[in-house]
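This report concerns only the one structure given below.
Ligands are counted one by one from 1 in listed order, and the atoms in each one are counted from 1 as well. All residue numbers refer to positions in the sequence shown, counting from 1.
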Amino acid sequence: MSTLVKDLSFPELGYSYSALEPHIDAMTMEIHYTRHHKAYYDNLQNAVKGTEMADVPFLELLKNISRYPMAVRNNGGGHFNHELFWTLLSSNGGGMPQGALLDAIVKKYNSFDEFKEKFSDAAKTRFGSGWAWLMVKSDGSLAISSTPNQDNPYMDVVECRGIPVMGLDVWEHAYYLKYQNKRPDYVAAYWNVIDWKQVEKYYSDAIKSL
Ligand code: MN3
């Protein structure tokens, strides 16, 4: 994460486009990864090329995003959010988290089911394009939020800031081919492919970094 913006690479997906079928279809995955994410990555590199922004650590850029042009906010957020999103999905996903993450969820939201409902509401009620997030705040507690466009909890322009440990893309490009206007069905399907082992790791890393 201390990688300079100019040294960022376009990540491997890590699984096949059809790996998340039937919950997320192969065509959506292919277009989302090779076109949408790739465009954010390329546009970020083009926006910083030949400027001092190219030599800023990516995380610092995100945390101070209000200082930078809108193209950097949109495409930098787009690159970060998608890179995180791909790692949170698995053909062996679903079920429930365990250990410290589950304890923290129950402490904050009373039960896993209540947490699921609150996170789903954040995803379903985000107007237009954006993301739903679970984050670790600076006091170590969990929070759920949603952000417009490609903003994320690291950015100094959002209301609820923290370290994102789970994020759901609710742009139409993430679900329209299979679900059309039925975003709630896509959000419901997400719970079958979320990789809790990965969220647990991000949670533990976030707590250690405080
Ligand atoms: Mn997307």
Begin from the C-alpha positions of K137 and L142 and carry the test side chain to side chain contact (heavy atoms under 4.5 Å, CB included) through to its verdict.
CA-CA 6 Å; K137 301 212 295 183; L142 291 173; over 6 Å; no
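- At a threshold of 2.8 Å, the Mn ion (ligand 1) has no backbone or side-chain N, O or S atom of H36 nearer than that distance.
- Residues Y175 and V170 approach most closely at CE2-O, 3.5 Å, considering heavy atoms.
- To the nearest 10 degrees, the Mn ion (ligand 1) sees NE2 of H32 and OD2 of D169 at an angle of 90°.
- Nearest heavy-atom pair, G167 versus F85, reported as atom, atom and distance to 0.1 Å: O-CD1, 3.3 Å.
- Taking backbone and side-chain atoms together, H82 has an N/O/S atom less than 2.8 Å away from the Mn ion (ligand 1).
- Of the residues listed (H32, H82, H79), the one engaging Y40 in a ring-ring contact (aromatic ring centres under 6.0 Å, His included) is H82, and it is the only one.
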